[in-house]
Every structure is written in C-alpha cells, then in structure tokens.
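The structure under discussion appears below in the form of structure tokens.
For the numbers below, each heavy atom of this structure counts, side chains included, while hydrogens, waters and symmetry mates do not.
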Amino acid sequence: MTVPSKVANVAGNAAKLLPVLAVAVVLYAVLVAGRVRPVDAARLRGGPTEGATRLSYRVEVVARDGEGERPRTNLGVVLEATAAGLPMLAARGVTDGEGAVSLSLTAPRAIASAVTLRVRSEAGAVLLEQPVRVSVADWAGNARRRGGWVEGRAVNGLSVRVAAARGVFAVPFQDSFVVDVRRAGGTFDGQVTCRCPGPRGESPTETTLFPATGRTLPLAVPVLPLEHATDVSLVATDADGTRATLDVSLAVVPGALHAEATPQGVLVESPIVRDVAYVALVTERERIAGGTVRLAPTPRGTSSGVFETPLPPDRPLYAVVSSEPDLRSPALVGWPIATETGAGPPRTLDVPDVLAADGVVPRFEAELSRARRARFFSGGVAGAALLLSALLVARRAKLAKDALSVHLAESGMEGDAAARAVGTGGAAVWVVLVSILVLVLGAMLVGFFAAAL
C-alpha cells in the first residue's frame, strides 16, 4: 500500500471517529463534569461582634441544588472564630430537624476587630469562611422599644402616670402595670381608684389601690388581658380634694409569645398550640445565647416550653421570642427578664437577628462557575474535533483525487477525459464538508447554550 493511500485511510478513520468523540465529550460535560452539583453550605444569624465578649449564632446548614434548598439534619458541625490578638474560639454541635444548631463562643476580652468565622463539618468539609464585623448599631438599628410611662394632665400639680411593668402585654398571659402619682411641691396623701380588668380576666371593676394597706408608690397591679386592648381608667384624689385622671389603653401585642425567667431558664408560652418557638437572650450590646424551644400543649389551649440555660447576671437582660427562626415575626417581643434596680419600668428590646454571614450564595455561584467552565471546555473540544474531522475529509478527498490522476495517467487516459473523471464527485465532497461544518456550528451552539444554563 502506497504512502498516500495509508494517509487517506488514517484520515478516513479519524474523520469517522472524531464526530463520535465530539458527541461523547458533550454528553460527558452535560451529564457529568458540567452538571451543577448540590453544595453544602452554612449561614450564620446572630448579634454584634464589635466590643462583644460573647458571640452567639444560629448556624443553619443547607444543601443547595439549583433554586431549592433542603436542611442538612443530624450533621456534626464546628464553629470557629479568630480575631486579632485573640486565641481561636471553637464550639461544636449537631444540627436538628431544621438543619440548625445554636452555638456560643466566649472571648477572654472584648473583640475590637473583624472576626473570621469558619463553619466546617466534623468530617472536615468547610461550609463557610468569611470575615464578619457587625456593630451594635447595625444589630440594634432595626430594634423596636415599647413601654415606658404614660402621664396624664396635671391638675394643681397633681398628676398620675402608668406603665406596663414589662413594656407590653400579650394575650392571655398575666402581667402587671404600675401606677405612680406625683404632687409638685409636696407629697401625695390621698387615694387612687382604678377601673381595669382583674388579675384573672374578670370584667372591669372599680378598685381602690392606695393607700389602703400603706403601700408606697409606684404600685403594681396584676392584669390578665383577654383582648387586644386593655383599657385602664385611673383617678387620683389628694387629701385636699384635688383630682387628676388618666384614661389609657395599655399596649397589647397581637399573637405575641410570652417569656419570663424561671430557675430552669426561660419559660416560653404561645397563645396557640405550636410545636416550636425561637428564643435569644440579649443585652443592650450582645447576643448571649439562643435556641429552639420545644413546646407542649397546655389545658387552657396554649403551649409552653422551657429554654433551659443558666441565666447570666447581666442587667438588663431580655428574652427575645418569636415564631420565626430569624426572629423577624410581626409579633416579635424582647421581654425584659432581669432589670436594673431603681431604673423605672423597663421597655422591651424587640431586636431580630442579623444575617452575619452567608456561605450558601458564594459557594453555589462557585459551583455554577465550575460547571460553566466545564461546558465551555467541552464545547471547544467538540467543535475542534468536528472541525478537524472536516479538514481530514477534505484532505482525504484531495489525496483520493491525486491517486485517481496518477492511476488514469498510468492507464493512458489523458486530456479532457482524465480531467472530467478526476472532477467527478467534487460536488458530493463539498456537500459532506458543508454538512460537517453545520455539525460544528450545532456543537458550538449546544456548548454555549449549556454553558449559559
């Protein structure tokens, strides 16, 4: 076999195999290398870092697949924090049925720089690693404060004021309001009558509050709100007959959960039966702890559970309770559970968590970029293979024509007859070339389309 015929055979075989290779590469890219795979990643929700000595976060671990997410349950995770001048802090936990776990870290001194937070699985996979810097203003900027004194119009220097003892009320949980009477330039030496619901939800009745038992002001009055408005009517009458009145509707938060301190931790109550509630213990400057509370039904149609944790000595201290894991429900209340002595009626601190770090979006975008690169590469390889196949077909056609010319010359055919014989089938060769080029274009379009997905 002559050298040109060997070359033609090799070119012919390659021209047949290269389109198959191109299809195989595209299929491998679309189905394997270029396929977007689910990624495991974490989010952190919590409080401020600047000036804090305690870091508390709700760690949420999800598997992101396309536009959907599913929680990674029963997964052991480690939260690590590093900051300038501080040793590395670490805490471990296992995700619950929602793919979340609450972890807290304590630093030896206040944090003055950005904190690098790292979440990894116990198997070693990094789920999040980001520098985080959250100021108290960033955290508390969306906080709502409720409560404080409401004062009536003074009459001859006599005035009466009232405040919810814990900032607000929630149906149907008993709390108190406090009454204070002042007389400018002197002391109050009379009595106060109150028309308000009773401590067990009775119909409003008029009651003398002071000074029947010699108690001093301000005076706490228990009340059980059963509606979304608790009306209180107060009349203060001094010894000289001066009277000051105040009619006020005490703030009741519709649908709010209730929280109060107990020896075991924080008792959380819901006005309706629900399975879980979410709580965070915060001060004015830090988020100290948080977690999910399992609730159980009660005989009166509510539900309750205890967030078991040692209560720190910080004052003031608030228990922020919500029906949403990010603490952003409309009925969010941060109940004061430890107050400063002599500071007057406390106000609530209704502060939601901030999204301190989100590793889900960047990790999924990195996976999309990897898949696009694989698809672009496969599209280029497929296009190059098909283009090479076209060139080999053209090369084989030229070699075949040259061989035919030599054969005709050896057989004695010359002139126009030989030229016509050699040119026979030229159109068919061009049809084949055009067909292959169309395949090349199709492969490129498929590759670009796949890369754009």
Exercise. Looking at OG1 of T53 and CD1 of I111, how far apart are the two atoms once the value is rounded to the nearest 0.5 Å?
Worked result: 8.0 Å
For this session: Hey, could you give me each pair passing ring pair (Phe, Tyr, Trp, His ring centres under 6.0 Å) that has a residue in residues 44-81? Not counting sequence neighbours.
Result: none
Seminar exercise, completed: So the salt bridge (Lys or Arg N to Asp or Glu O under 4.0 Å) pairs with at least one residue in residues 256-274 (sequence neighbours excluded) are E269-R300
Exercise. Salt bridge or not for D240 and R183, using N-O below 4.0 Å?
Worked result: yes
Exercise. Got a donor-acceptor contact below 3.5 angstrom from the T348 side chain to the R146 backbone?
Worked result: yes
For this session: Measure across L224 and Q174 and return the closest heavy-atom pair with its distance rounded to 0.1 Å.
Result: CD1-N, 3.4 Å
Seminar exercise, completed: Residue set satisfying salt bridge (charged side-chain N to carboxylate O under 4.0 Å, His left out) with E284, at least two apart, ordered chain then number -> R145
Problem set entry | Over 12 non-hydrogen atoms of neighbours within 6.0 angstrom of CZ in R285 | no
For this session: For a side chain to side chain contact (heavy atoms under 4.5 Å, CB included) with R161, tell me which candidate from V248, D180, V181 qualifies.
Result: D180
For this session: Start with the C-alpha distance between V266 and V293, add both sets of side-chain angles, then the distance that settles side chain to side chain contact (heavy atoms under 4.5 Å, CB included), and finish with yes or no.
Result: CA-CA 10 Å; V266 178; V293 183; over 6 Å; no
Exercise. Within the distance-only criterion (no hydrogens, no angle test), does the side chain of E286 pair as donor or acceptor with the backbone N or O of A52 below 3.5 angstrom?
Worked result: no
Problem set entry | E129 CD to T82 OG1 distance, which is reported to the nearest 0.5 Å | 8.0 Å
Exercise. Is a side-chain donor-acceptor pair under 3.5 Å present for R195 with S233?
Worked result: no
Exercise. In Å and rounded to the nearest 0.5 Å, what is the CG to CG distance from D238 to N156?
Worked result: 10.0 Å
Problem set entry | Exceeds 12 heavy-atom contacts within 6.0 angstrom, atom CZ of R243 | no
For this session: For the pair V162 and L246, evaluate side chain to side chain contact (heavy atoms under 4.5 Å, CB included) and give the outcome as yes or no after the intermediate values.
Result: CA-CA 8 Å; V162 64; L246 175 61; 3.6 Å; yes
Exercise. So, for L327 and V351, which heavy atoms are closest and what is the spacing to 0.1 Å?
Worked result: CD1-O, 4.5 Å
Exercise. Under the ring-ring contact (aromatic ring centres under 6.0 Å, His included) test, which residues partner W335, sequence neighbours left out?
Worked result: H258
Seminar exercise, completed: Heavy atoms of S135 and E50 approach each other most closely as CB-OE1, 3.5 Å
Exercise. Hey, is the main chain of D65 close enough, under 3.5 Å, to the side chain of R70 for a donor-acceptor pair?
Worked result: no
Exercise. Hey, does the side chain of Q130 reach the backbone of D358 with a donor-acceptor pair shorter than 3.5 angstrom?
Worked result: yes
Exercise. What residue pairs, at least two apart or across chains, pass salt bridge (Lys or Arg N to Asp or Glu O under 4.0 Å) with a residue in residues 74-84?
Worked result: E80-R118, E80-R120
For this session: Give, for atom CD1 of I288 and atom OG1 of T309, the distance between the pair rounded to the nearest 0.5 Å.
Result: 9.5 Å
For this session: Looking only at non-hydrogen atoms, find the nearest pair between V160 and A244 and report the distance.
Result: CG1-O, 4.2 Å
For this session: Decide side chain to side chain contact (heavy atoms under 4.5 Å, CB included) for V276 and L295; before the verdict, give the C-alpha distance in whole Å, the side-chain angles of both, and the deciding distance to 0.1 Å.
Result: CA-CA 5 Å; V276 297; L295 304 181; 5.7 Å; no
For this session: Evaluate salt bridge (Lys or Arg N to Asp or Glu O under 4.0 Å) for R43 paired with D353, printing each intermediate quantity in order.
Result: CA-CA 12 Å; R43 292 189 182 95; D353 284 342; over 6 Å; no
For this session: Using atom types as modelled and distance alone, determine if a side-chain donor or acceptor of D350 lies under 3.5 Å from a backbone N or O of G334.
Result: yes
Problem set entry | Separation of D314 CG from E340 CD (nearest 0.5 Å) | 10.5 Å
Donor-acceptor contacts under 3.5 Å from residues 83-99 side chains, at least two apart:
residue	atom	partner	partner atom	Å
T95	OG1	R72	O	2.7
T95	OG1	N74	N	3.0
T95	OG1	L75	N	2.8
D96	OD1	E98	N	2.9
D96	OD1	G99	N	3.2
D96	OD1	A100	N	3.0
E98	OE1	R58	NH2	3.3
E98	OE1	Y278	OH	3.1
E98	OE2	Y278	OH	2.4

For this session: Measure from the side-chain N and O atoms of T49 to the backbone N and O of V134, and report whether any donor-acceptor pair falls under 3.5 Å.
Result: yes
Seminar exercise, completed: Taken to the nearest 0.5 Å, the spacing of D40 CG from R64 CZ works out to 12.5 Å
